[in-house]
Amino acid sequence: MNGSRVLVLNSGSSSVKYQLLDMADGTRLASGIVERIGEGPVADHSAALKQVAEELAGQGLGLDSPALAAVGHRVVHGGTRFTEPTLITDEVLEEIEKLVPLAPLHNPANITGIKVARDLRPDLPQVAVFDTAFHATMPESAARYAVHRETADRYGVRRYGFHGTSHAYVSRATAALLGRDLAEVNTIVLHLGNGASASAVRGGVCVDTSMGLTPLEGLVMGTRSGDLDPAAIFHLARVGGMSVDEIDTLLNKRSGLLGLCGDNDMREIGRRMGEGDPEAQLAFDIYVHRLRKYVGAYAAVLGRVDAIAFTAGVGENSAAVREAALRGLSVFGIEVDAVRNAVRGSSTRLISTETSRVAVAVVPTDEELEIASQAYDLVTA
């Protein structure tokens, strides 16, 4: 195989995002998104991927190029079966389909993208990179819930974690920023986007993460509640007369920041806070309180924290969230430099003070590069 390019596909229910990267030097040759699948001219995922192929061909980067080494697919849930990037075969695809009950909103779209891509280039290696894989290293004490063992095992009820490609990339990039070997660095990664998750990473290995069986558990998110007393679900069913589907919609799509104040955009919440809006302020305070709890918990899990890394849309762009989340934590050796934190930019950078025992960093994530790297490493091994 002489090619060095990898096409990364992220197939959602109504969109396909793509990036073409050259792994010889890590350059991004093309990127784009096809949206509103099922509407108008983009009838289905087959039409969407054909549009992707046409857009690439129009740039002289067609899918028939011998420079293309592989297609890397983002797959949300790998269960306990898939803990590493995996070359897609018919058998592997059948196993991924069996995991649909664990990710009914995501895996079906991922599978459709894989099938269409295989039809377009059946001769090309196709690699599945799983969101859950990075967290598969968690010890049983962190991954297993205190639920009746046989029941939990029968239905796959355990902590899987998500955003794994981001946590893997950011923990490695943080060690590089510090000029230290990854195996020597303990990092708390805070991936704060509309979906949000935290992880405790010891020497490049995940030992705990905030999302669980599904992406609902953990931090307060844009529309998801995060941690919640499970009995609240029974209460809503018994007292509120709500169905399982109604409660599912409530907790996943009508809660979090949106449920608290009517907005799930941190920029808008910040603007409203500046105008003295009490609902926006309370939503922000609840969001930050949960963040601080996880920072403290993961400091205890790791025993020694060398770095805290903020990433994704909110983590990379909200100085207010970063400052508030770590305010008053000097007892843990965490000190944020106000001037450094206020600087906006797209580069990886430190925002901690010179005397802070814990490095605090802003590390723009690159999940597509991580997927491409894992896919390329697999097919060239």
Side-chain angles (χ1 to χ4, degrees), residues 6 8-13 45 70-118 122 124-169 171 191 195 197 199-201 204-218 367-368 370-381:
V6 176
V8 176
L9 293 177
N10 182 352
S11 298
S13 58
H45 282 76
V71 178
H73 296 268
R74 178 195 181 219
V75 180
V76 167
H77 217 305
T80 56
R81 169 70 172 78
F82 298 105
T83 60
E84 296 177 343
T86 303
L87 195 65
I88 297 169
T89 63
D90 290 342
E91 180 185 7
V92 166
L93 199 53
E94 288 177 8
E95 290 297 314
I96 295 174
E97 288 177 334
K98 291 177 183 177
L99 296 170
V100 165
L102 290 173
L105 299 179
H106 299 93
N107 271 30
N110 302 156
I111 290 166
T112 301
I114 291 171
K115 288 179 176 178
V116 174
R118 291 180 81 198
L124 199 65
Q126 312 261 340
V127 178
V129 178
F130 300 88
D131 269 15
T132 51
F134 181 66
H135 306 300
T137 54
M138 285 187 292
E140 281 292 277
S141 56
R144 185 174 283 279
Y145 294 116
V147 173
H148 181 256
R149 176 181 287 274
E150 291 180 6
T151 303
D153 290 347
R154 184 180 304 123
Y155 298 109
V157 178
R158 62 185 287 118
R159 182 180 307 284
Y160 295 101
F162 299 88
H163 296 144
T165 51
S166 177
H167 287 276
Y169 176 85
S171 56
H191 177 109
S197 60
S199 67
V201 184
V205 177
C206 178
V207 295
D208 205 351
T209 192
S210 59
M211 285 180 167
L213 170 69
T214 75
L216 179 60
E217 189 181 2
E367 295 174 89
E368 290 76 17
E370 182 68 21
I371 292 170
S373 298
Q374 292 189 27
Y376 187 71
D377 289 347
L378 179 63
V379 300
T380 56

* Heavy-atom count around Glu84 CD within 6.0 Å, excluding the residue itself: above 12? -> no

* Structure fact -> Closest heavy-atom pair, Gly72 versus Val6, reported as atoms and distance to 0.1 Å, is N-CG1, 4.0 Å

* Asked: So, do Phe130 and Thr165 sit near enough that their side-chain heavy atoms are less than 4.5 Å apart?
  -> no

* To do: May I have all residue pairs that pass salt bridge (charged side-chain N to carboxylate O under 4.0 Å, His left out) and include part of residues 371-381, sequence neighbours excluded?
  => none

* Asked: Considering only heavy atoms from C-beta outward, does the side chain of Ile114 approach that of Val75 to under 4.5 Å?
  -> yes

* Can you list the steps and then say if His77 with Tyr160 is a ring-ring contact (aromatic ring centres under 6.0 Å, His included)? -> CA-CA 8 Å; His77 217 305; Tyr160 295 101; 4.5 Å; yes

* Asked: What pairs meet the salt bridge (charged side-chain N to carboxylate O under 4.0 Å, His left out) rule with one or both residues in residues 124-137, with sequence neighbours excluded?
  -> Arg74-Asp131

* Structure fact -> So NZ of Lys98 and CG of Asn107: to nearest 0.5 Å the spacing works out to 14.0 Å

* Please name the pair of heavy atoms, one in Leu9 and one in Ala117, separated by the smallest distance, quoted to 0.1 Å. => CD1-CB, 4.0 Å

* Beyond-backbone contact of Met138 with Thr209, side-chain heavy atoms, under 4.5 angstrom -> yes

* To do: Report yes if the side chains of Asn110 and Val76 come closer than 4.5 Å at any heavy-atom pair, otherwise no.
  => yes

* Once you round to the nearest 0.5 Å, how far does CD of Glu95 lie from OG1 of Thr89? -> 9.0 Å

* Minimum side-chain heavy-atom gap Ser197-His167 below 4.5 Å -> yes

* From Asp208 CG over to Ser141 OG, what is the distance, rounded to the nearest 0.5 angstrom? -> 8.0 Å

* Structure fact -> Heavy-atom nearest pair, Ser11 first then Gly113, reads OG-CA, 3.4 Å

* How about Pro125 and Leu87: do any of their side-chain heavy atoms sit closer than 4.5 Å? -> yes

* **Thr112 side chain to His45 side chain, donor-acceptor N/O pair below 3.5 angstrom** => no

* Structure fact -> dist Glu367:CD -> Glu370:CD (nearest 0.5 Å) comes out at 9.0 Å

* **Salt-bridge criterion met for Arg118 and Asp90 (N-O under 4.0 Å)** => yes

* To do: Say whether, by atom type as modelled, one donor and one acceptor occur between the side chain of Ser199 and the main chain of Val201 under 3.5 angstrom.
  => no

* Start with the C-alpha gap between Ile88 and His73, add the side-chain angles, then the distance that decides, and say whether side-chain contact (heavy atoms from CB on, under 4.5 Å) holds. => CA-CA 10 Å; Ile88 297 169; His73 296 268; 3.9 Å; yes

* **Stepwise side-chain contact (heavy atoms from CB on, under 4.5 Å) check, Thr137 with Val207** => CA-CA 6 Å; Thr137 54; Val207 295; over 6 Å; no

* **Heavy-atom closest pair, residues Leu213 and Tyr145** => N-OH, 3.2 Å

* First locate atom CD of Glu368, then atom CG of Asn10, and finally report the distance between them rounded to the nearest 0.5 Å. => 7.0 Å

* Flag the pair Val100 / Ile111 as yes when at least one side-chain heavy-atom distance between them is below 4.5 Å, and no otherwise. => yes

* **For the student: nearest non-hydrogen atoms of Gly212 and Phe162, plus distance** => O-CE1, 3.5 Å

* Asked: Can you check whether Ala128's main-chain N or O pairs, donor with acceptor, with Thr86's side chain at less than 3.5 Å?
  -> no

* Over all atoms of both residues, closest heavy-atom pair of Gly78 and Thr132 -> N-OG1, 2.9 Å

* Contact check, side chains of Phe134 and Ser171, non-hydrogen atoms, under 4.5 Å -> yes

* Asked: So, are Arg159 and Glu140 salt-bridged, with charged N and O less than 4.0 Å apart?
  -> no

* Near Arg149 CZ, under 6.0 Å, is it more than 12 heavy atoms from other residues, nucleotides or ligands? -> no

* **Criterion ring-ring contact (aromatic ring centres under 6.0 Å, His included) on His163 and His135, from CA distance to verdict** => CA-CA 9 Å; His163 296 144; His135 306 300; 8.6 Å; no

